[in-house]
Peer 1: 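Structure incoming, see below.
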Amino acid sequence: MKFGILVNEGPYTHQASDSAFQFTKAALEKGHEIFRVFFYHSGVNNGTRLTTPPQDDRNIVNNWSELAAAHNLDLVVCVAAAQRRGIVDPDEAKRNSKDADNIAPGFRISGLGQLIEAGIQSDRLVVFGD
Amino acid sequence: MTDEMYDEEGGPVKKFLYLNRKAPYGTIYALESLEVVLIGAAFEQDVSLLFMDDGIFQLKKGQDTKGIGMKNFSPTYRALEMYDVEKLYVDKKSMDERGLSADDLVVPVEILDAAQVADLMEDQDVILSF
């Protein structure tokens, strides 16, 4: 089956991103296809490489990046939600005259159309959040 | 997708339900949900909006946000018609519990009882819950 995944909450404050990660990983291990993982609302905070959790805790951002590298996953951060919350890639930094970027490896910033497309193209769109 | 539909260009048309459950202010979910609806309208899918729980308050007439320094975005719901988003539903129980009636809302809506809400959800291809 082809899944689209929507993550609506940030890491650590809410279990949604952990659950989305575990679901995505399990689906891939079972041989399913992940069309795209879309990060919205504070879910965009899953995509900052500046996250530094305590050493004895899981690193959710790195988990996503590593899963993306292993399975060629498409991790998309919503541009409007990202701009509000300071998630920036090199292009966005240049465009908005910011002095830094923070996007984590494997993530890209794009528009909400990517979420709608995931809904259209996937057999199931699974939403993780409240 | 049993009875799959196609638009004029031959792309698939799916039934998208936006489920709005949260108050318009206090959290950003309602505003960012509306942003998805507006962007998603360009994809010419079969769109419905359902308001439940405190989500009913998103449609309340006479919102005044001056005191909290936020933009009153409730007029945008009246513009949805221009985006061909015309199927707006509210959950009767949620509305009754909050002492509201259709006259209190900024747009015309169809009022559904619990069984009709279940049928509406059952009928969808994609449910985006915010």
Side-chain angles (χ1 to χ4, degrees), chain A residues 1-11 13-17 19-20 23 27 32-47 76-87 109-130, chain B residues 1-2 4-50 52-55 70-71 73 76 83-85 121-130:
Chain A
M1 188 172 275
K2 195 192 294 184
F3 288 103
I5 307 291
L6 173 60
V7 183
N8 284 336
E9 300 291 342
T13 50
H14 199 294
Q15 196 182 330
S17 58
S19 299
F23 180 92
H32 297 291
E33 184 186 339
I34 302 293
F35 178 77
R36 176 172 294 146
V37 184
F38 192 87
F39 297 87
Y40 196 45
H41 300 302
S42 288
V44 299
N45 289 312
N46 282 276
V76 178
V77 175
C78 168
V79 62
Q83 285 175 336
R84 287 192 176 106
R85 295 167 179 85
I87 307 299
I109 293 180
S110 188
L112 278 167
Q114 302 269 306
L115 169 60
I116 305 298
E117 190 195 17
I120 296 170
Q121 297 298 332
S122 305
D123 298 312
R124 295 281 187 280
L125 183 74
V126 187
V127 183
F128 292 87
D130 269 340
Chain B
M1 310 318 115
T2 47
E4 206 164 313
M5 290 171 61
Y6 294 88
D7 66 15
E8 284 160 19
E9 283 89 43
V13 173
K14 284 191 171 180
K15 290 182 178 171
F16 276 71
L17 175 67
Y18 295 90
L19 177 55
N20 300 294
R21 311 189 72 138
K22 297 194 172 68
Y25 312 102
T27 65
I28 199 170
Y29 296 100
L31 174 64
E32 287 192 330
S33 171
L34 196 52
E35 289 182 351
V36 184
V37 174
L38 296 176
I39 298 285
F43 286 75
E44 297 181 346
Q45 302 292 300
D46 183 354
V47 172
S48 304
L49 271 63
L50 170 61
M52 290 183 80
D53 305 332
D54 280 348
M70 290 181 201
K71 190 179 161 193
F73 58 91
T76 311
Y83 291 82
D84 291 326
V85 175
M121 290 182 177
E122 182 65 30
D123 197 36
Q124 303 300 314
D125 296 308
V126 178
I127 299 179
L128 291 164
S129 179
F130 294 118

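Since the model is a prediction, treat every value here as computed from it, not as a measurement. Naming: A, B, ... by sequence-line order, numbering from 1 per chain.
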Peer 1: Is the ring centre of B:Phe43 less than 6.0 Å from the ring centre of B:Phe16?
Peer 2: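 Distance test on ring centres: not under 6.0 Å, no.
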Peer 1: For B:Leu38, is it the side chain, the backbone, both, or neither that has a heavy atom closer than 4.5 Å to a heavy atom of chain A?
Peer 2: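 For B:Leu38, no heavy atom lies under 4.5 Å from chain A.
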Peer 1: Should the pair B:Glu35-A:Arg84 be classified as a salt bridge under the 4.0 Å nitrogen-to-oxygen rule?
Peer 2: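 Counted as a salt bridge, because a side-chain N and a carboxylate O are separated by less than 4.0 Å.
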Peer 1: Heavy-atom distances under 4.5 Å only: say whether A:Glu9 touches chain B with side chain, backbone, both or neither.
Peer 2: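 Contact with chain B involves the side chain of A:Glu9 alone.
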Peer 1: Can B:Glu32 and A:Arg85 be counted as an ion pair, charged N to O under 4.0 angstrom?
Peer 2: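 Yes, B:Glu32 and A:Arg85 are salt-bridged.
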Peer 1: Please classify the contact of A:Leu6 with chain B as side chain, backbone, both or neither, using a heavy-atom distance under 4.5 Å.
Peer 2: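 For A:Leu6, side-chain heavy atoms alone lie under 4.5 Å from chain B.
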Peer 1: Which bit of A:Leu115 is near chain B, if near means a heavy-atom gap under 4.5 Å: side chain, backbone, both or neither?
Peer 2: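 Contact with chain B: side chain only.
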Peer 1: Is it true that B:Lys22 and B:Asp53 make a salt bridge, defined as a side-chain N closer than 4.0 Å to a carboxylate O?
Peer 2: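 No.
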